[in-house]
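Data first, discussion second: the structure below is written as structure tokens.
Throughout, protein chains are lettered first and strands after them, A, B, ... in sequence-line order, and every chain is numbered starting at 1. Note that this is a predicted model, so its numbers are computed, not measured.
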Amino acid sequence: MIAPPDATPLPRHFFDRPVLEVAPDLLGRVLVRTTPDGPIRVRLTEVEAYDGPNDPGSHAYRGHTARNDVMFGPPGHVYVYFTYGMWFCMNLVCGPEGNPSAVLLRAGEIVEGAELARKRRLSARNDKELAKGPARLATALDVTRELNGTDACAAGDTPLRILTGTPVPADQVRNGPRTGVSGDGAVQPWRYWVANDPTVSPYRAHAPRRRSS
DNA sequence: CGCGTGATTCTCT
DNA sequence: GAGAATCACGCGG
């Protein structure tokens, strides 16, 4: 019997391309998180590209460190980072090994396991908000530091993988400036989203924090 | 609805 | 020591 599209992982070579090609092509793909209580599936509606060692917005801009190590590894793996003292965000590594490019997964529509996601997203006022924002998406899927380096292209019963899903036609893809990025990196129009999708997060320009004392 | 601010800790300078 | 690829909440209109 033939596996349905939603059961087929994206092949590794999907990610072994320039990140600006991969990012819009990820819209409509389905991320599956396997938990002890059952699967959670998310249809991706918003992503952001970070393009190699010369992108001033990228965590890899200042070289190879312990935190960004996974970005320098093979494509198709999950890079999870911790930020603002509280939150995790997840990326999928792109391009050839050694070239530190990645796509930040910013938002999606929960298509299965919403009851499991709600348990971790108690402040969400409705299901559209469950994964509306990169840290919300990671929280809804219970993605933390432990999943850093996971191979999202592996077959079988892995904790997190990315399936073929149904790609979004090019005429429904929009793009604009990246969110939350400071300095020169902010101007790149490398945030991609699905037109008129209610699960896409609102745009917010980066706001530097003042010192408290 | 838009805007401002506190939360909380890791990472790199 | 500063700033962070963010979120939630309170306030004012």
Side-chain angles (χ1 to χ4, degrees), chain A residues 15 19-20 22-24 26-27 31 42 44-73 77-95 99-108 110 117-149 152 174-193 198-213:
Chain A
F15 293 99
V19 68
L20 296 183
V22 176
L26 277 171
L27 298 174
L31 195 63
V42 182
L44 296 176
T45 59
E46 182 188 354
V47 300
E48 212 163 74
Y50 289 86
D51 186 17
N54 300 317
D55 175 359
S58 171
H59 286 173
Y61 184 57
R62 287 173 177 81
H64 192 162
T65 68
R67 177 174 70 156
N68 64 26
D69 183 56
V70 172
M71 290 183 79
F72 288 80
H77 288 239
V78 183
Y79 166 48
V80 180
Y81 67 89
F82 180 73
T83 193
Y84 288 102
M86 277 172 278
W87 308 108
F88 293 98
C89 297
M90 75 179 118
N91 300 252
L92 293 170
V93 175
C94 296
N99 184 286
S101 298
V103 178
L104 173 66
L105 307 184
R106 289 197 53 92
I110 309 277
R118 281 184 213 116
K119 292 180 187 171
R120 302 190 176 85
R121 290 276 304 116
L122 297 179
S123 65
R125 289 171 299 183
N126 57 65
D127 284 3
K128 311 286 191 212
E129 291 186 354
L130 287 174
K132 191 179 198 159
R136 290 167 167 183
L137 173 62
T139 301
L141 269 55
D142 196 25
V143 170
T144 67
R145 181 187 313 287
E146 295 171 19
L147 292 186
N148 190 37
R174 300 291 180 271
N175 70 292
R178 294 185 292 191
T179 302
V181 178
S182 59
D184 296 336
V187 301
Q188 305 295 351
W190 293 343
R191 172 178 175 249
Y192 300 88
W193 66 92
T199 64
V200 172
S201 70
Y203 174 74
R204 290 200 238 286
H206 178 74
R209 309 296 320 142
R210 288 191 329 273
R211 284 223 38 193
S212 55
S213 68

**OP:** If a protein heavy atom is under 4.0 Å from the base, mark B; if only from the sugar-phosphate, S; if neither, -; do that for nucleotides 8-13 of chain B going 5' to 3'.
**Re:** BBSSSS

Original post:
When the distance from CE of A/Met90 to C1' of C/dA5 is rounded to whole Å, what number comes out?
Top reply: 13 Å

Original post:
With sequence neighbours left out, what residues match A/Glu48 under salt bridge (charged side-chain N to carboxylate O under 4.0 Å, His left out)?
Top reply: A/Arg106

Original post:
Quick one: A/Tyr203 OH to B/dC3 C1', roughly how many Å, whole number?
Top reply: 15 Å

Subject >> For A/Ser58, side chain to side chain contact (heavy atoms under 4.5 Å, CB included) partners two or more places apart >> reply: A/Tyr50, A/Asp55, A/Ala60, A/Met71

Subject >> Sequence-distant partners of A/Ala23, side chain to side chain contact (heavy atoms under 4.5 Å, CB included), two or more places apart >> reply: A/Val47, A/Ala49, A/Val103, A/Tyr192

Original post:
Of all residues at least two apart in sequence or in a different chain, which pass the side chain to side chain donor-acceptor pair (under 3.5 Å) check with A/Asp142?
Top reply: none

Would you list the atom pairs, donor with acceptor, under 3.5 Å between side chains in residues 126-135 of chain A and any protein atom, with sequence neighbours excluded?
{"residue": "A/Asn126", "atom": "OD1", "partner": "A/Lys128", "partner atom": "N", "Å": "2.9"}
{"residue": "A/Asn126", "atom": "OD1", "partner": "A/Glu129", "partner atom": "N", "Å": "3.3"}
{"residue": "A/Asp127", "atom": "OD1", "partner": "A/Arg118", "partner atom": "NE", "Å": "3.0"}
{"residue": "A/Asp127", "atom": "OD2", "partner": "A/Arg118", "partner atom": "NH2", "Å": "2.8"}
{"residue": "A/Glu129", "atom": "OE1", "partner": "A/Arg125", "partner atom": "N", "Å": "3.1"}
{"residue": "A/Glu129", "atom": "OE2", "partner": "A/Arg125", "partner atom": "NE", "Å": "3.4"}
{"residue": "A/Glu129", "atom": "OE2", "partner": "A/Arg125", "partner atom": "NH2", "Å": "2.9"}
{"residue": "A/Lys132", "atom": "NZ", "partner": "A/Pro198", "partner atom": "O", "Å": "3.2"}

Subject >> side chain to side chain donor-acceptor pair (under 3.5 Å) against A/Thr199, all qualifying residues, sequence neighbours excluded >> reply: A/Thr45, A/Asp197

Original post:
For DNA chain C, what is the dot-bracket line, given that a base pair needs Watson-Crick (N1 to N3, plus N6-O4 or O6-N4) or G-U wobble (N1-O2 and O6-N3) geometry with both distances under 3.5 Å, and | means paired with another strand?
Top reply: ||||.|||||||.

Original post:
Does any N or O in the side chain of A/Asn68 come within less than 3.5 Å of the main-chain N or O of A/Gly63, such that one atom is a donor and the other an acceptor?
Top reply: yes

Subject >> Rounded interatomic separation in angstrom, taking CG from A/Leu104 and P from C/dT6 >> reply: 7 Å

**OP:** In whole angstrom, give the distance that lies between atom CH2 of A/Trp193 and atom C1' of C/dA5.
**Re:** 16 Å

Original post:
What string of B, S and - do you get for nucleotides 8-13 of chain C, 5' to 3', when a contact is any protein heavy atom under 4.0 Å?
Top reply: S-----

Subject >> Interatomic distance where OH belongs to A/Tyr61 and P belongs to C/dG3 [whole Å] >> reply: 18 Å

Original post:
Under 4.5 Å between any side-chain heavy atoms of A/Leu44 and A/Leu105, yes or no?
Top reply: yes

Original post:
Can A/Tyr50 be called stacked on C/dA5 when the rule is centres closer than 5.5 Å and an angle between planes below 30°?
Top reply: yes

Original post:
How would you list, by chain and number, every residue that makes a side chain to side chain contact (heavy atoms under 4.5 Å, CB included) with A/Pro177, sequence neighbours excluded?
Top reply: A/Tyr203

Subject >> Between CD on residue A/Gln188 and CG on residue A/Leu20, distance to nearest 0.5 Å >> reply: 8.5 Å

**OP:** Considering only atom P, compute the distance from B/dC3 to C/dA5 and round it to an integer number of Å.
**Re:** 22 Å

Subject >> ring-ring contact (aromatic ring centres under 6.0 Å, His included) involving A/Tyr81 - partner list, sequence neighbours excluded >> reply: A/His59, A/Tyr79

Subject >> Atom-pair distance (CZ on A/Arg125; P on C/dC7), nearest Å >> reply: 13 Å

